[in-house]
Structure formats: structure tokens, C-alpha cells
Amino acid sequence: MENVLIVGAGPVGLMLACELGLAGLRPIVLEKRPEPSELPRANGLGGQIIDFLDHRGLLERFSAGSPFAGRAPGFPFGSVPLRFADDMPLRLLMIQQPRMEALLAERAAELGAEIRRGYEVRSLAQDPDGVTIDGTLRARYVVGCDGGRSPVRDLAGIGFPGTTDDEVLRLGHFAADVGIFESLEVDGLEPGWNRTPRGRLLLTSLQQGVLVAGVREKGEPLDGPVTLEDFRAAVRRVAGRDLPLGAPIWLSSTVSQARLAERYRAGRVFLAGDAAHLFPAGGSALNVGMTDAANLGWKLAAVLAGRAPDGLLDTYESERRPVAERALMQTRAQAVLDRVEGEDGAALRRLLTEVFAFEQPARHLAGLLHDSGVRYGQADHPLVGRFAPDLRLADGRRLAELMRAGRPVLLDLRGDTTPDGALTEAGGRTDAARTGDRADAAQDGGWIQVVRARADDPPADALLIRPDGYVAWAGAEGIEDAAGRLTASPA
Ligand SMILES: Cc1cc2nc3c(=O)[nH]c(=O)nc-3n(C[C@H](O)[C@H](O)[C@H](O)COP(=O)(O)OP(=O)(O)OC[C@H]3O[C@@H](n4cnc5c(N)ncnc54)[C@H](O)[C@@H]3O)c2cc1C
């Protein structure tokens, strides 16, 4: 029997495969497409997932060749411009989804995951010991990372309530003589979104030589693929004229949905990413979906290794669902802000443009876009339940660098000079830890890395950081109970 079968090799399934591989498991990813998808969907990542990629040492790979990677100077919040100061949290990384998936697949393979392409999951049955897929494959756990239409969600009997937009968006990529962030020069049309009485028209470029055109108008989801003639007719309806778009590279259509799975878990089956939530406006789907994978990955590995009871897996839903609820709230608000037409819409957007120019609203929205502002659990110390700040230690190391191995880190900042080491699963220090031999400590089962260091202005005497980067505990007393604190089931 396999430990974990992941259904879907999109960004979320591949991220989960990386996490499980890093934890020493050999997950199998089942993907119905025979080849990786070249469909241009996301143009980038924003928010906490970027910090997490940094924790895993993947940020350099992802940033290579990116037209923009860094602090977000602003964000079009439902077409109302937001401007961020340098100390506001949101980071952006522009990267096309096919490249992102290729990098994640490469990393997953390096870590020993197997991706079986051309395998479509059709049935699923659970018993107390495991899950059977298509009557032949068995695993202790199955994770549906199989997108918004998720067959796994349906087969597990989990509902997906929500709403479907009454507008259809046609998107096209065209070969054109444009630079990045440039647009066609057409009288009366600006780069970015343009409003007309019949809909909205997008003209922009995110890659040299590729014009991105979008047409949004009232309508039903399309039955078949978008043809060039259909796309041009939509442009004529909305813009009132033909546009010299260039030769089509890709044409697609989509209708936004706002949905949240009734449950994230049914027995031994879990949902992550679009299978669990669909947001009706841009910028949050991959951030929430890929951080779902970061949350679930270490918990599955801990339970399978016998370090934690099965109940730890229930914290996946209790921690992640509130994040998706907040993301749904802000993306629904964005969608309506963007859509509301006429003088009423113009007045609302104008008023909010004025409000967003103040520091506090902009800071609040930067936080909401970054990590939904959700704290996992309650504790006295303000860092507990939050993603750890990127501390720089006196010896030059960054906290992010300590997280590469995907193991918990107990960061002892009391300034002791005892070397770094590891804790045994019972919480005691290993011999190797005492002698500071890190390689031995890892081999003899020490899971928690103990790092003793000094830092300027430390936020606590000690911090216990989970593999997904969240602070599990902060303080001074009771360091020895660290392992127990990480893996306890919720009360
Ligand atoms: C036009 C467009 C633009 C977007 N822009 C952004 C953006 O800028 N930022 C952002 O964060 N998000 C964006 N998104 C959303 C983003 O693309 C999705 O959130 C993301 O792809 C979800 O990843 P996932 O891994 O959960 O699911 P998917 O990427 O949908 O992957 C699911 C995988 O499961 C496979 N699968 C399905 N059924 C089965 C089965 N029965 N057996 C085996 N395999 C199966 C599918 O083939 C697919 O490969 C955009 C989406 C669209 C359509």
C-alpha cells in the first residue's frame, strides 16, 4: 500500500509532492493529462507562498528570468488602485503557470516523487485502513488536488456550494510587437482594463512580444473552445470596433466562480487548492492553494511516521478553511467592485480610491492579500500562530535558510554557545545534538532541529517553528516539550 496518492499535477499537487518528498515519503501523483499543460493561466504568485518558497530554497529558481519579483508597489483591488509602502507585507513574483509547474515537477522528481501522467482517476472507495483508487491502487491517504471540477471531491461526497458569475471572460495571447507591460496603441483605449457600456476590455503584455487581450461581457460559459472569429466578435461587441490583435497563440474562456468545499476532509481523503476553493477575482488562488499544500504536507508526513496521532490531520481544515473564507470574502468584494457599472460604480470606485490612499486601509488590505490575516489558534505571544518573521541571526544565517530541510526548528535565542543539534522524537536532545554533529543527529531520528543563536532584538527567548513556517510556540520555559506541542491533536 502506498502512503499518499495525490490526484492532479497542477501547482498544488506538485507542491504537496515536493513537501512529502522532502519529508522522506515517495508520493505518487496521478495526472490525467499525458503532457504538462501549456495553458496560460496564472501570470504570477503573490503573498505568503513566496516566503514559503524562500524557506524551501526555491525562490531563486522561480525568480530567474521573472519580469518582476519583490515587494508589491501596489495592487488593482477590484480595479481600484492600491499603493503599498515598503514595509507592507505583500510580495509578488511574476511567473507563467506552465513554467511554475515545470519547476515544481522538476523539484518533486528530485525529491523522489513519481508523476504518472495520462492516468485519469475514475473511482474511489474508502475502508478503515486506506483508500482504493480504480479498484487497483491503494494508499493510506488520498489528496484531491484535481482542480475546480475535482472528481475526487465528488467521489468523496463533499459538496461545493457557491455562486457562478453571469459574465464570461475570453482571454487571448497574440504575437504582437509589444514590450512587457506595454499595450497596442489604439485611440481611446488604455493599457490595462477599459470599460465600455457593453463590458470590459483588457490590453496588456506580460512577456516580450505577446499581447494579452481579454474581453469580459455578460454571458454563459462557452460550450466549446474559443475560435478567433468568436474572439473578434466579442471584441467588436464590447469595444465597438475591430482591433489589430496579431496572430493568436492561445484563446480560452472562463467564468468566475466563488465556492468553498463543505469539508476539506472525508475520512482518509483530503482536498487542496482549487478542489477546495474557487475565488472570483485574481491574485489569491495559488497563494491559498499552495499554502494549503504546505500545511497538509508536514502533517501527513508526521502522522505516517508515527510522530503524531491522526487527529493532527483535522487541524488542516481548522487552520486552512478560515484562510479560504477570508480570501473568498475579499475576492467577492473585488469582483463586485470591478463589475458594478454606471455612475454608481464610478462613485464607489472613486470613493474607495480616496480611502485606499490612507495608510491603514492599504496596510490592512496588503495583509489580507498576503495571508488572509488569519492566525492559527490563540496564544499569549503575538508570533504564535503566525508565519515566522525572517529573522537574521548574528552569525549571518537567515531563518529561511534553516527551514530548507522541511523539519521543525527550535530556535534558541538565549545566546547559549552550545552547538546546533536535534531533538529526539520524545523531546530529549540526541547525543549527536549534544556533540553538535548535525548529520548524525538527522540519521538517528532527531526530527526537530535545535538552533542556538544570537539575534539583535530577539522577539522571544526561543521560538518553535513548524515545517510550514508557522510559529508553534514562543517563550523560554518548557523547551523540552517541543515535540509534543507540534504534533498534538486539537482538544
Ligand atoms: C485565466 C486564468 C488566470 C489565472 N490567473 C491567476 C493568477 O494570476 N494568480 C493565481 O493565483 N491564480 C490564477 N488563476 C487560478 C490558477 O490557475 C488556479 O488556482 C490553479 O491552477 C489551481 O491549481 P490546482 O493545482 O489546485 O488545480 P489545477 O491547476 O486545475 O490542476 C488540477 C490538475 O488535476 C488534473 N485532474 C483533474 N481531474 C483528474 C482526474 N480525474 N485524474 C487525474 N488528474 C486529474 C488536471 O488535469 C489538472 O492538471 C488563473 C486561472 C485562470 C483560468
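Just so you know, these numbers use all the heavy atoms, side chains as well, and skip hydrogens, waters and symmetry mates. Note that the numbering runs from 1 along the sequence shown for the chain. Since this is a predicted model, take the numbers as computed values, not measurements. Numbering of ligands and ligand atoms starts at 1, following listing order.
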May I ask you to decide whether E101 forms a salt bridge with R99, counting only side-chain N to carboxylate O separations under 4.0 Å?
-> no
Is D468 salt-bridged to K299, cutoff N-O under 4.0 Å?
-> no
Should P151 be counted as touching ligand 1, given the test is an N or O pair under 3.5 Å?
-> no
Note: E106-R61 ion pair, threshold 4.0 Å (strictly below) | yes
Does NZ or CZ of R153 lie under 6.0 Å from the centre of the six-membered ring of F160, at an angle within 45° of the ring axis?
-> yes
Could you tell me whether E167 and R200 make a salt bridge, using a distance below 4.0 angstrom between a side-chain N and a carboxylate O?
-> yes
Of A293, A285, G214, which has the heavy atom at the shortest distance from atom 12 (N) of ligand 1?
-> A285
Would you mind checking which non-hydrogen protein atom is closest to atom 51 (C) of ligand 1, with the distance to 0.1 Å?
-> R41 CB, 4.0 Å
So, S79 versus R195: side-chain donor-acceptor pair below 3.5 Å or not?
-> yes
Would you please indicate yes or no on a ring centroid separation below 6.0 angstrom for H370 and F387?
-> no
Side chain, backbone, both or neither: which part of Q97 comes within less than 4.0 Å of ligand 1 when only heavy atoms are counted?
-> side chain
Any N or O on E101 sitting closer than 3.5 Å to an N or O of ligand 1?
-> no
With the threshold set at 4.0 Å, does a side-chain nitrogen-carboxylate oxygen contact exist between R170 and E229?
-> no
One finds that the ligand 1 atoms under 4.0 Å from a non-hydrogen atom of L171 are 1 (C)
Decide, yes or no, whether a salt bridge links R259 with E325 under the criterion of side-chain N to carboxylate O below 4.0 Å.
-> no
Enumerated ligand 1 atoms positioned under 4.0 Å from heavy atoms of V7 | 42 (N), 43 (C)
Which class fits the ring pair Y316 and F270: parallel under 30°, tilted 30 to 60°, perpendicular over 60°?
-> perpendicular
At the 4.0 Å heavy-atom cut-off, does P11 count as touching ligand 1?
-> yes
Ranked by distance from atom 8 (O) of ligand 1, the top protein heavy atom is N43 N, 3.4 Å
Kindly state whether the ring of F75 and the ring of F84 have centres lying under 6.0 angstrom apart.
-> no
Is the gap between the ring centers of F52 and Y470 under 6.0 Å?
-> no
Under a heavy-atom criterion of less than 4.0 Å, does G289 contact ligand 1?
-> no
Give the residue and atom name of whichever protein heavy atom lies nearest to atom 50 (C) of ligand 1, and the separation in Å to one decimal.
-> A42 N, 4.0 Å
Nearest non-hydrogen atom to atom 41 (N) of ligand 1 belongs to which of V121, V212, I49?
-> V121
Are C145 and ligand 1 in contact, using a heavy-atom cut-off of under 4.0 Å?
-> yes
More than 12 heavy atoms of other groups within 6.0 Å of R122 CZ = no
Answer yes when D310 and R265 have at least one side-chain N-carboxylate O distance shorter than 4.0 Å, and no when they do not.
-> yes
Starting from atom 31 (O) of ligand 1, find the nearest protein heavy-atom neighbour and note its residue, name and distance.
-> G10 CA, 3.5 Å
May I ask you to check if ligand 1 and N287 share an N or O to N or O distance below 3.5 Å?
-> no
Do any nitrogen or oxygen atoms of P40 come within less than 3.5 Å of a nitrogen or oxygen of ligand 1?
-> no
Are F279 and ligand 1 in contact, using a heavy-atom cut-off of under 4.0 Å?
-> no
Check: L304 main-chain N/O paired with R140 side-chain donor or acceptor under 3.5 Å = no
Please determine if E120 has a nitrogen or oxygen closer than 3.5 Å to a nitrogen or oxygen of ligand 1.
-> no
re atom 9 (N) of ligand 1, the protein heavy-atom contact at minimum distance is G44 O, 3.5 Å
Within a distance under 4.0 Å of any heavy atom of G8, pick out the atoms of ligand 1 and give their elements.
-> 33 (C), 34 (O), 35 (C)
Check whether more than 12 heavy atoms from other residues, nucleotides or ligands sit under 6.0 Å from atom CG of D242, and answer yes or no.
-> yes
Looking only at distance, does S284 have an N or O less than 3.5 Å from an N or O of ligand 1?
-> no
Closest non-hydrogen protein atom to atom 11 (O) of ligand 1, residue and atom name please, with distance?
-> L286 N, 2.8 Å
Which ligand 1 atoms are under 4.0 Å away from a heavy-atom of G147?
-> 27 (O), 30 (O), 32 (C)
Using a strict 4.0 Å cut-off to heavy atoms of D146, name the atoms of ligand 1 that fall inside it.
-> 32 (C), 34 (O), 36 (N), 37 (C), 38 (N)
Using a cut-off of 6.0 Å, state whether more than 12 heavy atoms not belonging to R149 lie near its atom CZ.
-> no
Which atoms of ligand 1 have any heavy atom of G273 under 4.0 Å away?
-> 26 (O)
Under 4.0 Å from any heavy atom of Y119, which atoms of ligand 1 are there?
-> 42 (N), 43 (C)
Give the atoms of ligand 1, by number and element, whose distance to some non-hydrogen atom of L30 is under 4.0 Å.
-> 43 (C), 44 (N)
Look at atom 25 (O) of ligand 1 and say which protein heavy atom is nearest, naming residue and atom and giving the distance to 0.1 Å.
-> V12 N, 3.0 Å
Taking NZ, NE, NH1 and NH2 as the nitrogens, is one of them in E217 or R237 under 4.0 Å from a carboxylate oxygen of the other?
-> yes
Atom 26 (O) of ligand 1: the protein heavy-atom neighbour that sits closest, reported with distance to 0.1 Å = D274 N, 3.0 Å
Atom 35 (C) of ligand 1: which of E31, K32, M94 has the nearest heavy atom?
-> E31
Any N or O on A9 sitting closer than 3.5 Å to an N or O of ligand 1?
-> no
